[in-house]
Amino acid sequence: MSKDCVNIILFGAPGAGKGTQAQMLKMKYGLSHISTGEVIRQEIASGSELGKSMEGYIARGELAPDELVVNMVADFVKRHKDNVGNIFDGFPRTLVQAEEFEKIMKKYGITVDMMICLNAPEEELVRRLLLRGLESGRADDCGEEVIRNRLKVYHQMTETVADYYARTDRVCKVDGAGSIDDVFHRLCETIDKIKESKQKA
Ligand code: ADP
């Protein structure tokens, strides 16, 4: 794998700003990007059997089954393995997903360089999600109850995935509070450092 390559997991609670920042990072660094949430929403919108099987989970603010999500990512990695790098947004969200992801990456000789955790205060997250729900009509952003459930699921199932990457010293935290541009600036500094240390290695 080339030293210019950078593979990043953008991690954080719902509403932390992963999707917004991923779009900006992808443009700046020429990376490919997969948002598992986005792929799921597209499947649901297309009316496919896969989409139908996931609709209920999303509407309740629960996680989609690991196997389905892992297959989506495996397909993405296969298609983008020769890229200059990738952003994984909203994946992995469980320990099973993290373990399966390692296997997928290993198969193609790629490694996750860093999990970047975007942090923001809980009430700020709820405020952002409610606002997003009004604008997008997203089923999982409509109503405080579903939003609170998604945050609960994040704390119960997902947060621990950071411990998995911490074991191999591949986690860093970035403050997700403040303006979109401020957060973007912080993320770019982090990614530049990752790239720099890869060049030196
Ligand atoms: P957010 O980060 O705001 O929660 P996403 O678009 O990443 O938004 O995800 C929306 C929903 O899609 C999640 O609440 C979950 O139900 C489902 N989802 C997304 N990624 C995964 C995943 N890796 N595993 C299981 N479910 C997922």
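Along the sequence shown, residues carry numbers from 1. Both ligands and their constituent atoms are indexed starting at 1 by order of listing.
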Item to check | Residue pair Asn7 / Asn86, side-chain donor-acceptor N/O under 3.5 Å | outcome: yes
Checklist entry - With sequence neighbours left out, what residues match Glu99 under salt bridge (Lys or Arg N to Asp or Glu O under 4.0 Å)? => result none
Item to check | Set of residues that line ligand 1, where lining means a heavy atom lies under 4.0 Å from it | outcome: Pro14, Gly15, Lys18, Thr36, Gly37, Ile40, Arg41, Ile58, Glu62, Leu63, Ala64, Val69, Gly90, Phe91, Arg93, Gln97, Arg132, Arg138, Asp140, Arg150
Next on the checklist: Main chain of Leu63, side chain of Arg93: is a donor-acceptor contact present, judged purely on distance under 3.5 Å?
Outcome noted: no
Item to check | Fellow cluster residues of Leu151, listed by chain then number, with links counted only when side-chain atoms sit under 4.5 Å apart | outcome: Leu125, Val126, Leu129, Leu130, Ile147
Next on the checklist: Taking salt bridge (Lys or Arg N to Asp or Glu O under 4.0 Å) as the definition, give me every residue that meets it alongside Glu62, ordered by chain and number, with sequence neighbours left out.
Outcome noted: Arg60
Checklist entry - Within a reach of under 6.0 Å around NE2 of His185, are more than 12 heavy atoms found that belong to other residues, nucleotides or ligands? => result no
